[in-house]
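What follows is a single structure, and I will ask about it in a moment.
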There are 2 protein chains.
Amino acid sequence: MKLYGYYRSSTSYRVRIALNLKELDYRQQPVNLLQGEHREGPYRQLNPQGLVPALETDEGEQLTQSLAICEYLEERYPEPSLLPANAVDRARVRAIVGLLAIEIHPLNNLRVLKYLTGELGINEETKLGWYRHWIAEGFDALEAMLAGDPRTGRYCHGDQPGLADACLVPQVYNAERFGCDLESYPTIRRIHAACNELPAFARAHPDAQPDAG
Amino acid sequence: MKLYGYYRSSTSYRVRIALNLKELDYRQQPVNLLQGEHREGPYRQLNPQGLVPALETDEGEQLTQSLAICEYLEERYPEPSLLPANAVDRARVRAIVGLLAIEIHPLNNLRVLKYLTGELGINEETKLGWYRHWIAEGFDALEAMLAGDPRTGRYCHGDQPGLADACLVPQVYNAERFGCDLESYPTIRRIHAACNELPAFARAHPDAQPDAG
């Protein structure tokens with residue numbers, strides 16, 4: 001398989017974790033977001049939306065959208081599973097995924113921050129305030145959800161790392177980069193640390209990627 | 001089942017469509033977002049994030065996050081299916097879902113618009129510009145994705161309505177409410193019209209809900 005991504009893109013980071021947890025082989029094809037490669041010729045043809053990541057399967061199929069790619073990997077390569085067995089627990093994991101990947105991340109990604117400082121002309125401090133606001137709102141809810149549920153274990157759901165963890169770790173990485181205060185999220189911090197002890201997560205870290213700047 | 005939602009919330013609208021397509025019975029418990037009921041006592045206890053929708057299953061389980069709820073319905077009540085049979089096609093449908101539900105919707109929902117006009121102090125015209133920008137960027141990509149793929153049929157994927165359509169229709173409804181120009185999206189408009197001919201979609205329309213204002 002071939003993964004088109006960018007070392008610091010947290011959606012690429014998610015997919016790298018999922019691939020590693022499933023012990024799948026893949027090559028990386030870096031797409032430099034800062035240089036705008038995602039908006040140009042060859043990549044744009046592959047993915048009209050011009051976002052990373054995209055996955056080329058061994059059969060040559062082109063898949064886009066990180067969560068769609070993760071669900072594909074789960075269906076195509078079921079073991080080890082990234083989702084629990086029963087439907088209600090799977091819904092819990094996907095709700096955690098939604099909280100991270102739908103309620104927080106889209107508000108804080110590069111193209112949105114660029115719109116805020118460009119078209120809306122807001123200054124750096126107000127941009128940071130925006131960033132931290134959505135992290136805080138989402139992490140407040142996530143901390144309550146994790147701390148208040150006996151299904152939370154060493155990881156977001158039980159003692160096996162899975163899809164929720166693959167979304168949590170890149171979001172914490174982002175939050176740290178932007179200097180967010182994570183003091184009031186002990187459960188999130190504990191799970192983040194536990195994940196980063198695993199080689200699947202360590203190998204997916206932005207700093208470990210071929211295009212790390 | 002009991003659905004906590006709000007008539008105009010497009011994430012609630014999605015879940016209503018999914019429930020209707022699966023011909024499932026459900027009661028509605030309106031949560032008035034404009035009056036802030038989602039941030040208060042009883043509902044907040046049910047859903048710490050304070051967002052709609054939430055679904056209470058027949059077994060009394062509380063599920064949150066619209067896409068997690070839809071995937072749950074698909075697993076628990078497989079027929080009629082809202083996803084195609086093979087993994088690559090399922091990934092395509094979930095990529096369309098991601099484009100709508102992750103790349104467009106979170107940027108344009110009520111809490112974000114409130115932050116823009118409140119904390120950031122932008123005026124109504126700039127807010128509308130923001131709204132239309134993300135619709136245009138997402139719909140440009142979606143139109144290309146739909147028009148350029150032979151798997152697009154009467155609906156987003158083939159000739160059976162499914163999860164992608166359940167996300168598309170509420171997004172078009174929102175775009176129309178905010179006066180977005182949809183002229184350059186013939187495929188999106190065609191599929192939207194085809195969906196709205198179906199009772200499952202008509203019955204889910206915001207105007208048909210008990211709390212419609």
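Letters A, B, ... mirror the listed sequences (proteins, then strands); counts begin at 1.
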Candidates B/Tyr173, B/Tyr6, B/Tyr7 - the one meeting ring-ring contact (aromatic ring centres under 6.0 Å, His included) with B/Tyr13: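 Among B/Tyr173, B/Tyr6, B/Tyr7, the one that satisfies the ring-ring contact (aromatic ring centres under 6.0 Å, His included) with B/Tyr13 is B/Tyr173.
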I need the contact set between residues 57-89 of chain B and chain A: heavy-atom distance under 4.5 Å, sorted by residue number.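 The list, in residue order, reads B/Glu61, B/Leu63, B/Thr64, B/Gln65, B/Leu67, B/Ala68, B/Glu71, B/Tyr72, B/Glu75, B/Ala87, B/Val88.
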Treating B/Arg189 as the side-chain partner and B/Leu182 as the backbone partner, does any N or O pair qualify as donor plus acceptor under 3.5 Å?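 Present.
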For the pair B/Thr117 (side chain) and B/Leu113 (backbone), establish whether a donor and an acceptor sit closer than 3.5 Å, ignoring hydrogens and angles.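 Yes; judged by distance alone, with no hydrogens or angles, the pair exists.
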With a 4.5 angstrom heavy-atom cut-off, is it the side chain or the backbone of B/Ala91 that approaches chain A, or both, or neither?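 Contact with chain A: backbone and side chain both.
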For the CG atom of A/Leu21 and the CZ atom of A/Phe201, what is their distance to the nearest 0.5 Å?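 Here the rounded value is 5.0 Å.
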Does A/Arg132 use its side chain to pair, donor to acceptor, with the backbone of A/Asp181 at less than 3.5 Å?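 Here the side-chain-to-backbone pair does not exist.
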Please work out whether the ring planes of B/Trp134 and A/Tyr115 are parallel, tilted or perpendicular, with thresholds of 30° and 60°.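 The rings of B/Trp134 and A/Tyr115 sit tilted, inter-plane angle from 30° to 60°.
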A/Leu99 versus chain B, the contacting section by heavy-atom distance below 4.5 Å: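 Contact with chain B is through both the backbone and side chain of A/Leu99.
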Is a side-chain N or O of A/Asp165 found less than 3.5 angstrom from the main chain of A/Gly162, in a donor-acceptor match?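 Yes, because the side chain of A/Asp165 sits within donor-acceptor range (under 3.5 Å) of the backbone of A/Gly162.
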Is there a side-chain contact between B/Leu146 and B/Tyr185, using heavy atoms and a 4.5 Å cut-off?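 With C-beta onward as the side chain, the pair stays apart.
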Picking from A/Leu120, A/Ile102, A/Asp140, which has the most non-hydrogen pairs under 4.5 angstrom with chain B?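 Highest number of heavy-atom pairs under 4.5 Å: A/Ile102.
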Based on non-hydrogen pairs under 4.5 Å, which of B/Arg111, B/His105, B/Arg90, B/Arg92 is most in contact with chain A?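 Most heavy-atom pairs within the cutoff with chain A belong to B/Arg111.
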Tell me if a side-chain donor or acceptor on A/Gln209 pairs with a main-chain N or O of A/Ala204 at a distance below 3.5 Å.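 Pair found, side chain donor or acceptor close to backbone of A/Ala204.
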Between B/Val112 and chain A, with a heavy-atom cut-off of 4.5 Å, which part of the residue counts as in contact: side chain, backbone, both or neither?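 For B/Val112, heavy atoms of backbone and side chain both lie under 4.5 Å from chain A.
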Leading residue by heavy atom contact count with chain A [cutoff under 4.5 Å; candidates B/His133, B/Glu103, B/Met145, B/Glu137]: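 Option with the greatest count: B/Glu103.
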Give, as side chain, backbone, both or neither, the part of B/Leu116 having an atom under 4.5 angstrom from any heavy atom of chain A.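 When you check distances to chain A, only side chain atoms of B/Leu116 fall under 4.5 Å.
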So, applying side chain to side chain contact (heavy atoms under 4.5 Å, CB included) with A/Leu3, which one of A/Gln29, A/Arg16, A/Glu56, A/Arg27 is it?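 Between A/Leu3 and the candidates, side chain to side chain contact (heavy atoms under 4.5 Å, CB included) is satisfied uniquely by A/Arg16.
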What option among B/Ala141, B/Ala95, B/Ala144 has the most heavy-atom pairs under 4.5 Å with chain A?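 Ranked by heavy-atom pairs under 4.5 Å with chain A, first place is B/Ala95.
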